[in-house]
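Since the structure is predicted, the reported quantities are computational estimates derived from the model, not experimental observations. Below, chain A is the first sequence line, B the second, and so on; all start at residue 1.
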Amino acid sequence: MDVLRFITAGSIDDGKSTLIGRLLLDTGNIKSDILESVKEDNDDVNLAFITDGLRAERQAGITIDVAYKYFTTPNRKFIITDAPGHFQYTKNLVTGASGVDAMIILIDATIGISSQTRRHSMVASFLGIRNIVVAINKMDVSGYDQSVYNSIKNSYSEIAIRLNLDQVTYIPISALKGDNVTRHSYHMPWYTGPALLQFLEACKPEIKADDGRLSVTVQYVAGNNIFGRLVSGTIKRGQNVVVYPGRITSIVKEIINNYIIVEEAFTGHDICVQLELQGTLMRGATITGIGEGPEYSNEFEADLCWLDELSEVVLNRDYILRIGANEVVSQVKEIISKRYIETLGYSNDQKSVSVNEFARVIIHTSSNIAYDNYSQVHETGRGILIDITTNNTSGALIIR
Amino acid sequence: MNHLDALESEAIYILREVAGQFKNPVLLFSGGKDSTLLIHLALKAFYPLPLPFAVMHIDTGHNFEEALTFRDELVKKYNLRLIVRKVEDTIRLKNLEEPGGKFPSRNALQSYTLLDAISEFQFDAIIGGGRRDEEKARAKERIFSVRDSSGAWLPHNQRPELWDLYNGHISAGEQIRVFPISNWSELDVWQYIRREKIELPSLYFAHERTCIRFNSRLVAMSDYIVPDAEDVIITTSVRYRTVGDMTCTAAVQSTAQTIEEVIDEIEQSALSERGETRMDDQISDAGMEDRKLKGYF
């Protein structure tokens, strides 16, 4: 059994929470006491109440922050992120969408593509989410009409092209009635693609290849013991390595994985290593192979999504930049362009970036930092900006 | 990657983040299965070194004897540093009112003791075994959950938390609660316990116990509860699905004596883990949310 993480995104009333409730219910993952607790006065099950966790959310009938739900089928454990729809909570959507394998974008068939649809798609594009499902919901209210489905599909495909979303699957559903959610709907014989659950069961999670470039994120150091995760590649005892910052050459003396001293470890392993190294190595260091990157400089270009509602990006102000476990003082040196949700177009005349906005920026760091292009090693190609005064996580960065 | 490997890796990564980012972390340990799992994950995360932080028990005084014995044996076996702080002392010092009624649970009062201990030892990160699938308020909480200077959770203003970049920066007086097993389900916990051959208190397996029947739940007879004359007292084979206070944790009827049998039973149970066993969640629709606002885990 493996794990697939996915997020559901949609506008208010698109039926996100209902869809999750439906998935949990129809896969037998809701226990009877929970089901009782979401019954309304007339004994109808309100599927949406299954995911709305806070009192304020149940009172207002909307999702404010991300809720995590879990279900399993015989072959897979699913981690669902139910993310808020309202644009004000986009920062929470970004939180929920980071690290998922797939995003389900819900579109209300009776309304069509909205500003929120573009916003959610932009988040998917920003984070580089590979598998996108456009779930066209409320098909029951739309008479299960194929032309409604086709029209939304055609309009969305233009958005997908502009945002470079190349793997989009379109599924007509009714979350309320259960059509094409866990089984194929007899109301829509014209649709021959997978039901949503079928898609999710077949969907490939992001596989990390062992043949990638060697990169260890050093999280904690105690004496000679260096604890960290091998985020990419393979490491062998006796191998020559380069340690950043400083670009110092060393040799791997010992590797421990899962209580055992091993000859080599692979991508994803949480290891403890000892190096033949003069001087002390600290948290935030990166261990890499000889002659295979990463980039090492004090300036790079990145896509930025601003997450802080209390402040805008202030040029040349100090922020803490964090990549992996490494933190350095940095500044946003230049805003190259901003991208607008309504047009999905760029503009280069903007001098500020505020909450829920996207921009291409130049980041300057106070000392050299090791990083990669996001497409090469995800873990060292992404970062956050932390506000020095409030400690808030204020920005998300993807290095392009 | 196998789901247990993925969950284990996530938890180890989080525990190492705590050691790397904080000056004075502590792990909350009650002798229950989730905090026992946490200790085993931490032992693995920091091997070959011992745990780089202490473990702490907030003791309500209403314990199952088996859980206390287990706690002390585990502490001895792995040479852990154990801190115990008692709710009883807080009640006396702060002149708090002892809860009354048939099931006088000190569960809500634990928050005072916890917050006092945090300030006594100046803990900046407090690791707990909360899981998101347990309860709807827990389903909303971040892995690194910032608590303000009064220990309160601010559910409407949680920090963004992206990928595995857990932001542990806090101001003086603030603290971070850390939940390494957020993404584990009850079944995942049991499957992992089976795979790693982790020992648990005997309470988790079927045994004979004298209980009273209350609202279709079985509550163990003890000095801490106040049965009525008309209560039906029965002795039967039970086990505990969760282990909390004797006053607010119900047993389930069971003959499951092995991990295999326990797993089978959970898979077939019509009820959720807390729904079947926790009387403190039934108080209101937002029982857990309210307690968290006051510093609870």
Side-chain angles (χ1 to χ4, degrees), chain A residues 1-3 31-34 37 50-56 58 64-70 72 76-77 79 91-92 94-95 98-99 205 219-223 225 227-229 256 258-259 268-270 272 283-284 307-308 320 322-325 378-379 382-384 386 391-394 396, chain B residues 1-9 12-13 16-21 43-49 52 132-133 135-142 146 155-156 158-165 167-171 174 182-185 187-188 269-276 285-286 289-290:
Chain A
M1 186 154 81
D2 67 355
V3 180
K31 299 289 189 182
S32 61
D33 55 317
I34 306 287
S37 72
I50 292 167
T51 53
D52 284 335
L54 301 173
R55 184 176 13 215
R58 286 193 295 280
I64 294 169
D65 209 335
V66 177
Y68 297 88
K69 290 285 158 186
Y70 306 84
T72 52
R76 202 160 244 190
K77 173 183 169 97
I79 301 180
K91 61 191 175 71
N92 298 337
V94 176
T95 288
S98 67
Q219 298 179 267
Y220 175 65
V221 182
N225 296 290
F227 296 89
R229 180 179 286 173
I256 295 175
N258 196 16
Y259 292 124
H269 286 166
D270 298 279
C272 173
R283 169 178 165 82
L307 308 167
D308 196 331
I320 296 168
R322 174 158 171 194
I323 295 174
H378 282 359
E379 285 80 357
R382 63 196 184 199
I384 52 174
I386 299 168
N391 297 317
N392 195 19
T393 303
S394 295
Chain B
M1 196 190 256
N2 167 288
H3 73 296
L4 295 179
D5 291 333
L7 293 168
E8 176 194 68
S9 172
I12 288 176
Y13 186 88
R16 289 173 169 184
E17 279 302 295
V18 174
Q21 288 195 52
L43 288 168
K44 192 178 272 199
F46 299 107
Y47 182 84
L49 302 182
R132 286 167 173 162
D133 92 324
E135 203 281 332
K136 53 186 181 286
R138 287 202 161 150
K140 292 258 156 184
E141 199 161 4
R142 302 277 189 260
V146 182
H156 302 297
Q158 299 194 82
R159 251 182 214 172
E161 187 169 76
L162 285 96
W163 303 292
D164 47 13
L165 300 176
N167 176 359
H169 289 269
I170 46 173
S171 305
E174 290 177 341
S182 285
N183 289 322
W184 296 52
S185 69
L187 264 181
D188 296 331
S269 168
L271 298 172
S272 73
E273 184 181 12
R274 290 189 78 92
E276 190 171 26
D285 184 36
E289 185 177 345
D290 289 337

Pairwise distance CZ(A:R229) to CD1(B:I12) - rounded to 0.5 angstrom: 9.0 Å
Residue among B:S171, B:S185, B:S9, B:S269 with most heavy-atom pairs under 4.5 Å to chain A: B:S9
Pi-cation contact, A:Y68 with B:R132 (under 6.0 Å, within 45°): yes
Value rounded to 0.5 Å, distance of OG1 in A:T72 from NE2 in B:H3: 8.0 Å
Validation row: A:F227, B:L49 side chains within 4.5 angstrom (heavy atoms): yes
Inter-residue atom distance A:K69.NZ - B:D133.CG, 0.5 Å rounding: 8.0 Å
Partners passing ring pair (Phe, Tyr, Trp, His ring centres under 6.0 Å) against A:H378 (at least two apart in sequence or in another chain): A:Y374
Closest non-hydrogen atom pair, A:A396 against B:L162: CB-CD2, 3.6 Å
Stepwise side chain to side chain contact (heavy atoms under 4.5 Å, CB included) test for A:N392 and B:R159: CA-CA 6 Å; A:N392 195 19; B:R159 251 182 214 172; 3.3 Å; yes
Results of ring pair (Phe, Tyr, Trp, His ring centres under 6.0 Å) for B:Y47 - residues two or more places apart only: A:Y259
Worked verdict on B:K44 versus A:N258 for side chain to side chain contact (heavy atoms under 4.5 Å, CB included): CA-CA 7 Å; B:K44 192 178 272 199; A:N258 196 16; 2.5 Å; yes
Nearest heavy atoms of B:E161 and A:S98, plus distance in Å: O-OG, 3.9 Å
Chain A contact via B:A6 - which portion, at a heavy-atom distance below 4.5 Å: side chain
For the student: nearest non-hydrogen atoms of B:E17 and A:A325, plus distance: OE2-CB, 4.3 Å
Gap separating the CG atom of B:L165 from the CD atom of A:E379, nearest 0.5 angstrom: 9.5 Å
Side-chain heavy-atom pair A:V94, B:P160 within 4.5 angstrom cut-off: no
Selection from B:L271, B:I170, B:L43, B:L4 maximising heavy-atom pairs under 4.5 Å formed with chain A: B:L271
For the student: nearest non-hydrogen atoms of A:A67 and B:K140, plus distance: CB-CE, 3.5 Å
Taking every non-hydrogen atom, the tightest pair across B:D164 and A:R322: O-NH2, 4.1 Å
Note, B:R16 side chain near A:R283 side chain (heavy atom, < 4.5 Å): no
Worked check of side chain to side chain contact (heavy atoms under 4.5 Å, CB included) between A:K77 and B:L7: CA-CA 11 Å; A:K77 173 183 169 97; B:L7 293 168; 4.2 Å; yes
Close side-chain approach of A:D65 to B:R142, heavy-atom, < 4.5 Å: yes
Minimum heavy-atom distance A:N225-B:P48, with the two atoms named: OD1-CG, 3.8 Å
Among the listed options A:N92, A:I323, A:D2, A:V221, the residue most often paired with chain B at heavy-atom distances under 4.5 Å: A:D2
Partner chain A: residue of B:E141, B:E174, B:Q158 with the largest heavy-atom pair count (under 4.5 Å): B:Q158
Distance-only side-chain donor-acceptor flag, B:Y13 / A:D270, under 3.5 Å: no
From CG (B:N167) to CD1 (A:I384), nearest 0.5 Å: 5.0 Å
